[in-house]
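Structure, as structure tokens:
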Amino acid sequence: MNIVVLTGAGISAESGVPTFRDADGLWEGHRIEEVATPEAYDLSPVAVQRFYDARRKALAEVEPNPAHVALARLEEVLGDELFLVTQNIDDLHERGGSQRVAHMHGELLSALCRSCGGRSHWTDDLDDFPPCPRCGIPELRPDVVWFGEVPYGMDVIQGKLMRADLFVSIGTSGAVYPAAGFVQMAAACGARTLEINLEPSEGTHFFNEARHGRAGELVPIWVDEVLRPLGF
Ligand code: BV8
Ligand code: ZN
């Protein structure tokens, strides 16, 4: 039973991480689409670095919630029959116990070097342009996929979607592509599809089933449903 789970900002909402819909306009009145772009970075690198430095620091104040923990339990039983891909750049899935997480939009706790292309684990600020741990050049940027950039691991993700028996989307508004198109890809290859979200997403009509409510409550219930017939 191959299951693909896609998560978005909604799964981290109950942990205290603002979702994009909530955060819009919050950052000095800018829309995320304006800040999370290579153009914005080229125009005002320090401001964009500080936008991510603040979010990286804020990770210390948040904790995984029952939805993250339930998905880790699902991975423990299913092993590599579960493929977890997230749009989130926080580390809450890992801190909730998930071992394998595909961060298609990158990670706050990683820095990407514009000189050597190396990706390094990073927990500090980047607004002071520290030297790259690999090549020493001070060209580190947030290792985050901005609008207009190519998401990480699309070939692996597409392979998993084509072989999925079940595709579950959790806490995403279905506004950003290519993630928003995953449900159609999975369904076209025969997967059953389930949406778990606070409210109907933009793509809710693509799903066989939709459960609306908080992820912290609905995800553990769904995981129990999957594991009970397996004796867990
Ligand atoms: C690409 C990292 C080519 C940065 C992010 C016109 C039409 C269609 C597409 C485009 C277009 N113009 C441009 C595009 C492409 C563009 C795009 O989709 N733009 C949108 C704005 C239209 N996409 C790209 O540029 C992507 N790259 O397309 O490259 C390509 C394509 C295919 C193959 C190869 C190459 C790159 C996009 C990545 C951008 N980076 N993040 C950062 O984090 O700062 S996107 C960012 O916003 C997030 O990562 C996330 O993906 C997105 C926000 O989405 P959500 O996660 O869904 O969050 P949101 O707040 O929107 O929704 C939260 C949901 O949770 C809500 O529904 C809410 O009801 C629910 N919720 C809230 N609380 C709870 C809850 N649910 C359950 N429980 C709760 N407690
Ligand atoms: Zn480098």
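Note that ligands are numbered from 1 as they come in the structure, with each ligand's atoms numbered from 1 the same way. Bear in mind that the values here come from a model prediction, so they are computed numbers and not experimental data.
Nearest protein heavy-atom neighbour of atom 35 (C) of ligand 1: Val150 CG1, 3.8 Å. With respect to atom 26 (C) of ligand 1, the closest heavy atom belonging to the protein is Tyr177 O, 3.2 Å. Pro151 CD, 4.3 Å is the protein heavy atom nearest to atom 30 (C) of ligand 1. Looking at atom 39 (C) of ligand 1, its nearest protein heavy atom turns out to be Val145 O, 3.4 Å. For atom 74 (C) of ligand 1, the closest non-hydrogen atom on the protein side is Gly10 O, 3.5 Å. Atom 1 (C) of ligand 1 has as its closest protein heavy atom Glu149 O, 3.5 Å. If you check which protein heavy atom lies closest to atom 76 (N) of ligand 1, you get Leu198 N, 3.1 Å. With hydrogens left out, the protein atom closest to atom 78 (N) of ligand 1 is Ala215 N, 2.9 Å, a heavy atom.
Counting heavy atoms closer than 4.0 Å to ligand 1, residue Thr19 contributes atoms from both its backbone and its side chain.
The number of heavy-atom neighbours closer than 6.0 Å to CZ of Arg211, taken from other residues, nucleotides and ligands shown, is above 12.
Residues Ser110 and Leu112 fail the side-chain proximity criterion, which asks for heavy atoms closer than 4.5 Å. The shortest distance between side-chain heavy atoms of Ile157 and Tyr152 does not fall below 4.5 Å. No side-chain heavy atom of Cys132 sits under 4.5 Å from any side-chain heavy atom of Glu139. Side-chain contact check for Pro178 versus Met104: some heavy-atom pair is nearer than 4.5 Å. For the pair Gln87/Leu6, a side-chain contact is recorded, criterion being any heavy-atom separation below 4.5 Å from C-beta on.
Salt-bridge formation is not detected for the pair Asp53/Arg50: no Lys NZ or Arg NE/NH1/NH2 atom is positioned less than 4.0 Å from an Asp or Glu carboxylate oxygen. The pair Asp125-Lys57 meets the salt-bridge criterion, with a side-chain N (NZ, NE, NH1 or NH2) lying under 4.0 Å from an Asp/Glu carboxylate O. Salt bridge absent: Arg163 and Asp80 never bring a charged side-chain N and a carboxylate O closer than 4.0 Å. Under 4.0 Å is where a charged nitrogen must lie from a carboxylate oxygen, and between Asp224 and Arg73 at least one such pair does.
Counting only non-hydrogen atoms, the option in Glu14, His105, Gln158, Glu202 that gets closest to atom 45 (S) of ligand 1 is His105. Considering Ser12, Ala9, Ala36 only, the shortest heavy-atom separation from atom 56 (O) of ligand 1 involves Ala9. Which of Ser15, Ser173, Gly148 comes nearest to atom 59 (P) of ligand 1 through a heavy atom is settled by distance: it is Ser173.
For atom 53 (C) of ligand 1, a protein non-hydrogen atom is found at a distance below 4.0 Å. At least one protein heavy atom sits closer than 4.0 Å to atom 24 (C) of ligand 1. Under the 4.0 angstrom criterion, atom 6 (C) of ligand 1 counts as lacking any protein heavy-atom contact. Under the 4.0 angstrom criterion, atom 10 (C) of ligand 1 counts as lacking any protein heavy-atom contact. For atom 21 (C) of ligand 1, a protein non-hydrogen atom is found at a distance below 4.0 Å. Put simply, atom 3 (C) of ligand 1 has no protein non-hydrogen atoms near it, under 4.0 Å away. For atom 13 (C) of ligand 1, the nearest protein heavy atom lies 4.0 Å or farther away.
Heavy-atom separations between Met104 and ligand 1 are all 4.0 Å or longer. Residue contact annotation: Ala179 has no non-hydrogen atom under 4.0 Å from ligand 1. Ligand 1 has no atom lying under 4.0 Å from any heavy atom of Gly106. Contact analysis puts Ala175 in contact with ligand 1, with a non-hydrogen atom separation below 4.0 angstrom.
Residue Trp146 has at least one heavy-atom neighbour below 4.0 Å for each of these atoms of ligand 1: 36 (C), 39 (C). Interface atoms of ligand 1 facing Gly213, defined by a heavy-atom separation under 4.0 Å, are 77 (C), 78 (N). Under a 4.0 Å criterion applied to the non-hydrogen atoms of Gly8, ligand 1 contributes the atoms 56 (O). In summary, the atoms of ligand 1 found under 4.0 Å from a heavy atom of Gly171, numbered by their order in the structure, are 63 (C), 64 (C), 65 (O), 76 (N). Close contacts of ligand 1 with Arg214, meaning ligand atoms under 4.0 Å from a residue heavy atom, involve 78 (N). Distances below 4.0 Å separate heavy atoms of Arg55 from the following atoms of ligand 1: 42 (C), 43 (O), 44 (O). Counting atoms of ligand 1 from 1 in the listed order, those under 4.0 Å from a heavy atom of Tyr52 are 4 (C), 42 (C), 44 (O).
Note: angle at the Zn ion (ligand 2), from SG of Cys132 to SG of Cys113, is 110° (rounded to 10 degrees).
Using a 3.5 Å distance cut-off with no hydrogens or angles, the side chains of Thr204 and Glu195 do pair a donor with an acceptor.
Its side chain within the 4.5 Å cluster rule, Leu126 clusters with Trp122, Leu140 among the Ile, Leu, Val, Met, Phe, Trp and Tyr residues. With a 4.5 Å cut-off between side-chain heavy atoms of Ile, Leu, Val, Met, Phe, Trp and Tyr, the cluster of Leu43 takes in none.
His68 and His93 have perpendicular rings, their planes meeting at more than 60° on a 0 to 90° scale where under 30° would count as parallel.
When all heavy atoms of Ala36 and Trp146 are compared, the closest pair comes out as O-CB, 3.2 Å.
Among Leu59, Val145, Val144, the single residue meeting the side-chain contact (heavy atoms from CB on, under 4.5 Å) criterion with Ile89 is Val144.
Panel note: side chain Asn197, backbone Thr172; a donor-acceptor pair is recorded below 3.5 Å.
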As a quick check of understanding, evaluate side-chain contact (heavy atoms from CB on, under 4.5 Å) for Leu84 and Thr7, giving each step before the final call.
CA-CA 8 Å; Leu84 174 59; Thr7 63; 3.9 Å; yes
